[in-house]
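Okay, so here's the structure we're looking at.
Residue numbering restarts at 1 for every chain, and letters A, B, ... go by the order of the sequence lines.
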Amino acid sequence: MTSIHPLTIDAYNLFHKGILAFARAERAGIRVDLDYVTRKSEELTNKIASLEEDLRDTKFYKKWNKMTEKEVNYNSSTQLSNFLYKELGIKIKKETASGKGATDKETLQKLNIPEIDIILEIRKLKKNRDTYLKPFIREQVNGYVHPFFNLNTVVTFRSSSSNPNFQNIPKRDVESMQLVRRAIYPRLGHQLLEADYNSIEVKIAACYHKDPTMLKYLHNPKSDMHGDMVKQIFMIDDFDKTLPSHKILRDAAKNGFVFPEFYGDYYKNCAVSMACVWGQLPQGGWKEGQGIPMVEGTLADHMISHGIKSLKHFENHLEKIEKDFWENRFPVYATWKDRWWTLYTKKGYVDSLTGFRCGGVMRKNDVTNYSIQGSAFHCLLWAFIEIDRIMQEEKWDSRIIGQIHDAIILDVHPDELEHVKQVIHRVTCEDLPKAWKWIIVPLEIEMDCSPVDKSWAEKKKIEN
DNA sequence: GGAACTCGCCAC
DNA sequence: AAACGTGGCGAGTTCC
């Protein structure tokens, strides 16, 4: 159990005002298209039933049915795990936290059993119907849902959201994104506006450790930290992020190495993630023609030509890069991590830049991650409170309706759009750094907007 | 018959 | 020596 308490009066005031501002957003609520939700839920139910029939027809299912005593429930991870790993005797490649054979999507896909794809498809449809659409119906009042935004639940002093959770609506998977976000609408004659802080956690981390190399990256818009890592990790001299293959490698470096390293992961996990998940290369040895296509040949061709012929080789390669990453590229970041850990072991807590104290039992990674995560969110919270204040003072027709850690979402009258955008930009990027002197990096905000009377699925990036 | 747990999966 | 942070929530299972 972690014991936590706000430290300063500033921290107390931030949360006090934050709760009041959140309450106004909760009261405003979010309009949902109930007809659509009902219709789509029924559609999903039919699709699920049809896939269920397909599944029952398969040899896989019949075998499963024969081998187990009770009736097969393909939704049960317990039953599926037992059938695959005990009855069929498939070797367990990944275990769950409690040591049973895992049946998550990634693990199942590797088994190459076509019938399992049906189960995965059903899982996805059920997830969309039961986790996202259903609660809209359950929670709505007169066609509006009123998600809670809580400030008293998270160990890092971030927020959470519930009933329904507005902070985990599908975004990356295009099919799920469109399906669920099509249910979310602005008020009649309005449009939805979302403003996101760019890389706020990396920037706030830099305010803690002040690593000069990182500060240079953040101050120079032409520099590209992840591109530089691609050059080093994949040995590409002429890196060009407009090339599709280089874009994939950049995402691999960013999400498979740089961010995990910042959170405290290490080279072995990163090697698997980059090579196998992003690069589509196998776990063991690599052969020509394998992996994602490059400008010439494939990723395996490229890596082999540079002497890296297996995951094991790649791991060794990445071990050196990790050492270089912390010892030569970001040494000040690394010593800050050590310093904060030592501080924590002496005092039993660390104090954040936003005036909060994180104490109690923490692991090494927690000590640095908690402070950064909390303070990054507090930037958004400060802006939320200020925009909410201006909204009331100027008697906007527009309303703030929610927040997703580093983003604020509004329901805006078109006549007010330009002004609202201007206020958001000024508050988030200019007023905040003036108010909090410890912010020593430039802040940027990105905005997305839906057309008038169109759903959240139709939002597009706009200039601000 | 409900509480507590596990697992999987969505977001940042 | 160890090895990725924070949540919510639905469904299934196990415990009492």
Side-chain angles (χ1 to χ4, degrees), chain A residues 2 4 70-82 94-108 119-120 122-135 138-139 147-173 176-177 179-181 194 196-202 204-205 255-273 315 319 322 326 337 341 358 362-377 380 402-407 409:
Chain A
T2 307
I4 45 180
K70 54 181 171 178
E71 195 176 344
V72 169
N73 182 352
Y74 56 86
N75 299 311
S76 159
S77 49
T78 313
Q79 286 191 36
L80 183 57
S81 181
N82 284 338
K94 187 186 157 193
E95 290 183 351
T96 65
S98 69
K100 291 176 207 147
T103 58
D104 59 285
K105 186 178 173 186
E106 204 188 314
T107 308
L108 291 180
I119 296 180
L120 291 176
I122 294 175
R123 265 193 200 170
K124 184 172 143 181
L125 299 180
K126 274 180 177 268
K127 173 91 176 168
N128 287 336
R129 186 192 60 181
D130 299 339
T131 303
Y132 295 111
L133 295 186
K134 239 191 203 172
R138 190 186 67 221
E139 302 292 343
F148 290 106
F149 295 99
N150 317 297
L151 286 174
N152 63 319
T153 60
V154 183
V155 65
T156 63
F157 297 104
R158 245 201 197 178
S159 69
S160 70
S161 171
S162 56
N163 304 96
N165 183 350
F166 189 62
Q167 294 180 323
N168 71 344
I169 310 283
K171 184 173 189 175
R172 291 169 195 140
D173 182 283
S176 301
M177 183 277 278
L179 178 78
V180 179
R181 292 187 180 220
E194 176 173 346
D196 295 58
Y197 267 125
N198 289 343
S199 318
I200 191 76
E201 274 199 31
V202 172
I204 295 311
N255 300 311
F257 182 77
V258 177
F259 287 162
E261 285 286 342
F262 287 164
Y263 282 132
D265 205 356
Y266 82 126
Y267 68 91
K268 273 197 182 181
N269 290 337
C270 296
V272 176
S273 162
E315 263 178 34
E319 187 179 5
E322 179 184 80
W326 290 114
K337 282 193 176 197
W341 173 246
C358 290
M362 286 192 274
R363 293 152 297 188
K364 202 170 181 179
N365 289 332
D366 296 341
V367 174
T368 43
N369 286 339
Y370 285 8
S371 322
I372 293 167
Q373 193 187 88
S375 297
F377 163 68
L380 189 279
Q403 154 275 131
I404 313 177
H405 307 304
D406 65 352
I409 293 93

**Request:** Name the first nucleotide and the last nucleotide along DNA chain C (5' to 3') that come under 4.0 Å of a heavy atom in chain A.
**Result:** C/dA3 to C/dT13
**Asked** How would you label the contact of A/Asn369 with the nucleic acid (heavy atoms, under 4.0 Å): base, sugar-phosphate, or nothing?
**Response** sugar-phosphate
**Asked** What string of B, S and - do you get for nucleotides 5-12 of chain B, 5' to 3', if B is base contact, S is sugar-phosphate-only contact and - is no contact with any protein heavy atom under 4.0 Å?
**Response** -SSSBBSB
**salt bridge (charged side-chain N to carboxylate O under 4.0 Å, His left out) involving A/Glu106 - partner list, sequence neighbours excluded** = A/Lys110
**Message:** Going by the rule side-chain hydrogen bond (donor to acceptor under 3.5 Å, both in side chains), which residues pair with A/Ser375 if we only count those two or more places apart in sequence or in a different chain?
**Reply:** A/Tyr208, A/Thr354
**Request:** Give, for atom CZ of A/Phe157 and atom CG of A/Asn152, the distance between the pair rounded to the nearest 0.5 Å.
**Result:** 11.0 Å
**Asked** Under 4.0 angstrom, heavy atoms only, what part of the nucleic acid is A/Ser161 near: base, sugar-phosphate, or nothing?
**Response** sugar-phosphate
**Prompt:** Any side-chain heavy atom of A/Ile200 sitting closer than 4.5 Å to one from A/Phe377?
**Reply:** no
**Message:** Between A/Ser176 and A/Asp173, do the side chains contain a donor N or O and an acceptor N or O under 3.5 Å apart?
**Reply:** yes
**Prompt:** Given Watson-Crick or G-U pairs with both distances under 3.5 Å, what dot-bracket string fits DNA chain C, with | for other-strand pairs and [ ] for crossing?
**Reply:** ....||||||||||||
**Asked** If you measure from the Lys or Arg side-chain nitrogens to the Asp or Glu carboxylate oxygens, is any gap between A/Lys337 and A/Glu261 under 4.0 Å?
**Response** no
**Prompt:** Are any side-chain N or O atoms of A/Glu322 and backbone N or O atoms of A/Tyr267, one a donor and one an acceptor, separated by less than 3.5 Å?
**Reply:** yes
**Prompt:** Side chains of A/Gln167 and A/Ser159: does their closest heavy-atom pair fall under 4.5 Å?
**Reply:** yes
**Request:** Give A/Arg129 one of three labels, base, sugar-phosphate or nothing, depending on what nucleic acid heavy atoms sit under 4.0 Å from its own.
**Result:** nothing
**Asked** Are any side-chain N or O atoms of A/Arg158 and backbone N or O atoms of A/Gln373, one a donor and one an acceptor, separated by less than 3.5 Å?
**Response** no
**Message:** Using the side-chain contact (heavy atoms from CB on, under 4.5 Å) criterion, which residues pair with A/Thr131? Sequence neighbours excluded.
**Reply:** A/Lys127
